[in-house]
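Structure, as structure tokens:
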Amino acid sequence: MQAVLWSVLKLLIVLTFILLNAMLLIWLERKVSAWIQLRLGPMRVGRPQGWAQSIADVLKLLFKEDIVPSRVDKVLFVLGPIIAFMPALMVWAVIPFGPNFVSADLNIGVLYIAAIGSIGLMSIFTGGWGSNNKWSLISAMRSAAQLFSYEVPLVLALIGVVMLAGSLSLTDIIRAQQETAWYILYQPLGFLVFLIAGIAEVNRTPFDLSEAESELVAGWHVEYSGLRWAMYFLAEYGNLLALSALAATLFLGGWTAPFGLDFIPPFVWFLLKTYLFVFVAMWIRWTFPRVRIDQLMDLSWKFLIPVALLNIALTGIGITIFS
Amino acid sequence: MSYVRNVANVVATLLVGLRVTLREWFSRSITLQYPEQRWELPRGYRGHPVLLSDEEGKTKCTACGLCVRACPTDVITVKGAKGEDGKRVATEWVLDMSRCIQCNLCVEACKFDALAMSDRYELACYRREDLLYDMDTLLELGRGDGVAAITVGDKL
Amino acid sequence: MTSAKQELHREEMVINMGPQHPSTHGVLRAVVTLEGETVRGVDPVIGYLHRCFEKICEQKTWTQVIPYTDRTDYVAALTNELAYVLAVEKLMGLEVPERAQYIRVIMAELQRIASHLLWFGTFGNDLGAFTPFLYAFRERETLIDIFEKTTGARLTYNYIRLGGVRNDLPADFERETLAFLEKLEKGLEEYHNLLIGNAIFEYRTKGLGVLTAEQAVAWGASGPTLRASGVAWDLRKSEPYLVYDRFDFEVPVGQKGDIYDRCICRMKEMEESAKIVRQALEGLPEGDVVGKVPRVIKPPQGQAYAAVEAPRGELGCFVVSDGGIKPYRVKWRSPCFVHLQLLDVIARGELVADFIANIGSIDIILGEVDR
Ligand code: SF4
Ligand code: SF4
């Protein structure tokens, strides 16, 4: 009984954590983009620095009229935003926040993440197709193409890490990093591939082809408004957060403290590393122009996958030599 | 080989771009927090025409109608009558600000220095009729700051 | 099992881009035929911003037309005024004092810089990079402040008048302009680092939207769109007006006529304009800023055409007078209108994303297309 209560509690904590963080990320994105662009960003709602802007926005979206256009595929249209949230939430089940703080320490954690990672783009496809709008249809097609091309390098990039740790469990991977060093040092190529493929996976500039505001107006969520749109929006940031947490876990040693700075609690370290990655993703987003769909494919098949394979080969050779 | 060179080139240019944004990240923002902070308007900023008054506070307008004819959008209405001293003075001078294009042509047309441009720019109001500025309003606005009459050939 | 040879059902999709689309630069509507992501045909539909400009001019006096010209190409108002004023001056044979001519050159070139800065910002936005837009606007803002000080307005200046310009330059104009040009230099370098030199940018623009020199000439292209195709035709050089023949500057030309060349041409033009402004400021003579102008403007019967090198190309104004106080006819030769027809030529067969880049690269202003 107690065990069940404990896991329910853990789940609740994780859920609140994600939602709060997603909102924080939205605010942060606005701020970071503003700082990069010589602006101030939100300043009015909540002082200092307009911290309550996201809350205000969510409230506003909650009270908006719920519009389902008449000729959409209702089931898919309604399902889209819900599916969008799933991977963002599910990833957290296996991510360790601290030494003994993980909802479910699956021994196939990495595999699990690879499996659910693809659901995110499925939601775009569902929403885009279900909207019965030409723009969102193009967007849905793009996202499908993107899904196929970027899942592969993403998973390949993870293999190097798994080889080094010798385990698929995220906790084990962190422990292995504790014993040696952060895997970003052993796996720079793997990290690079993970970074690029990951950003493509969460649909951010320069790979935000399915949203592509200047081309497809807003892509798959052209027809969405109000709460449904808010869910897509929150999910986008939930996904970014999940990806960052994953990067922190796999390549930056998760909750472990570097340089013997043990007095800072593991949870804080975990957050710091996650947000480091978040900042990098935002920095990239506000710097580059968008690539084109065929270039996106080229990048994946002609660069990321060969590099990821090379990385696996190098890792294998390295392990054989040094062990 | 060219593949590798290509990749290196791409990475290099992308890093250069990242450096630019990183530098600007830590530079000062140029935003003006508008209602609290305001920018300084230069002399001669063209807000909308206002009426100037003489030392006694009366209008200098003689209702000659030159401005009415100069205005490209026909937004000025002037009526005049003989004053006590026998000279013509304006009795009514209405500006329909909803259609004024702030072109300054009326100021340039006036031969009696009765018109100038004010630097008012916050003109929003709730009713369309509120944009009809009558003579008293325009005279009052003409006594405020930031009023300048710049006509053709002037030095600034 | 169906045979592998069996054809898939294919269908072309007709999609309505605009008039409410983030990248159609105002209110352009393009009916685009798509096959998958490939553009198979473009049909621009215009007229959403039509304000009867030419007809209104016939109802206004010669002077009153000037503020209306501001509103055609609203991001380069000064060159519009210039085209109209030059045409009327030609008709009347008005003398323009030397100082006024210099000021006109300075203002026109600054206006070109302002317009190109805006183009650069929006073009980056079309490609999905939003940040350059803000950086370009930082520089443009300084410039607009200078315009504001000089002309009293930020966008619709009504500054260039028959026989000269409205008023003399403010006292610290020279200092501020030189400071701006310095700032611009730094800005241009930054834009290059951030966007133009970026590999993604090159991939998105090189070899796309190609307009050959023959095509460009045949379709009547002008300005940077023409020069990017390798035709060194610039009215400031080939048919100098004002005092352009006194300045030393180059006309940047491209080779391939693709989107990239058009961009580079515009970026280089900003540098050249800066050069002209510097020279003009140095040689700025003293004197009046308006010549002798009759009290009532009544050009003699006849007609005149004047063209200027506007930021977007050859901006021509044709005026006909019947000897009255109002123009009998004003005709606008708008470069954007001509360039808009090119869309189908350059974008056919490319992808949707390139189509957006193509629209951006010919730099259209719908206010001028529709008038
Ligand atoms: S500023 Fe122009 S539009 Fe306004 S009243 Fe004067 S002449 Fe008319
Ligand atoms: S304002 Fe000047 S131009 Fe207009 S009616 Fe009065 S005196 Fe005449």
Side-chain angles (χ1 to χ4, degrees), chain A residues 28-45 47-50 153 188-189 191-193 195-196 199-200 204-207 275-292 295-296 298-311, chain B residues 1-48 97-98 101-102 118-128 130-131 141 144-146 156:
Chain A
L28 206 62
E29 176 102 275
R30 291 191 170 151
K31 278 308 201 188
V32 168
S33 66
W35 289 329
I36 286 182
Q37 299 171 345
L38 313 159
R39 298 183 286 119
L40 290 171
M43 290 296 275
R44 305 272 161 179
V45 189
R47 272 156 218 258
Q49 296 289 330
L189 277 181
F191 181 73
L192 183 73
V193 175
L195 179 74
I196 298 175
I199 289 178
R204 292 172 64 81
T205 318
F207 308 111
Y275 272 83
L276 183 73
F277 194 86
V278 167
F279 274 115
V280 171
M282 288 183 180
W283 183 19
I284 290 176
R285 169 165 183 178
W286 296 105
T287 304
F288 298 136
R290 186 183 304 121
V291 300
R292 214 172 50 204
Q295 291 158 357
L296 183 87
D298 276 5
L299 179 68
S300 170
W301 296 104
K302 295 191 191 157
F303 176 72
L304 291 183
I305 292 180
V307 170
L309 288 174
L310 178 75
N311 180 49
Chain B
M1 205 54 226
S2 73
Y3 178 82
V4 175
R5 205 172 312 129
N6 196 5
V7 169
N9 173 40
V10 169
V11 172
T13 58
L14 293 186
L15 287 180
V16 169
L18 283 173
R19 204 184 60 208
V20 171
T21 35
L22 187 66
R23 203 173 38 228
E24 297 295 354
W25 194 330
F26 297 104
S27 67
R28 265 169 55 94
S29 109
I30 51 169
T31 305
L32 206 71
Q33 291 272 64
Y34 161 58
E36 291 91 31
Q37 296 172 328
R38 277 154 192 281
W39 57 101
E40 260 173 50
L41 291 173
R43 181 177 167 274
Y45 175 83
R46 303 205 306 262
H48 66 86
M97 198 46 217
S98 61
I101 56 171
Q102 312 177 321
S118 129
D119 65 0
R120 265 181 92 222
Y121 55 88
E122 288 158 317
L123 307 172
C125 60
Y126 286 103
R127 294 181 314 155
R128 200 175 278 196
D130 291 349
L131 281 170
L141 290 172
D145 309 328
L156 277 185

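Chain identifiers are assigned alphabetically (A, B, ...) following the order of the sequence lines, protein sequences preceding nucleic acid strands; residue numbering begins at 1 within each chain. The figures that follow rest on heavy atoms only: side chains count, while hydrogens, waters and symmetry mates do not.
- Top candidate by heavy-atom pairs under 4.5 Å with chain A, chosen from Thr21(B), Leu14(B), Ile30(B), is Thr21(B).
- Heavy atoms closer than 4.5 Å to chain B are found in both the backbone and the side chain of Trp283(A).
- In this structure, Tyr121(B) has its ring center under 6.0 Å from that of Trp39(B).
- Screening residues 298-307 of chain A for salt bridge (Lys or Arg N to Asp or Glu O under 4.0 Å) gives Asp298(A)-Lys302(A) as the qualifying pairs, with residues at least two apart or on separate chains.
- Of the atoms belonging to Phe26(B), not a single heavy atom falls under 4.5 Å from chain A.
- Heavy atoms of Val7(B) lying under 4.5 Å from chain A belong exclusively to its side chain.
- For residues 10-26 of chain B, the salt bridge (Lys or Arg N to Asp or Glu O under 4.0 Å) pairs, not counting sequence neighbours, are Glu24(B)-Arg138(C).
- Contact check for Phe303(A) versus Val193(A): no side-chain heavy atoms found under the 4.5 Å cut-off.
- Remark: Arg127(B) pairs with Glu129(B), Asp130(B) by the side chain to side chain contact (heavy atoms under 4.5 Å, CB included) rule, at least two apart or across chains.
- The closest side-chain heavy-atom distance from Ile196(A) to Leu299(A) is below 4.5 Å.
- Once rounded to the nearest 0.5 Å, the distance linking CD of Gln102(B) with CG of Leu123(B) reads 6.5 Å.
- Of residues 38-45 of chain A, those residues lying under 4.5 Å from chain B by any heavy-atom pair are Leu38(A), Arg39(A), Leu40(A), Met43(A), Arg44(A).
- The minimum heavy-atom distance linking Arg204(A) with Arg285(A) is given by the pair NH2-CD, 3.4 Å.
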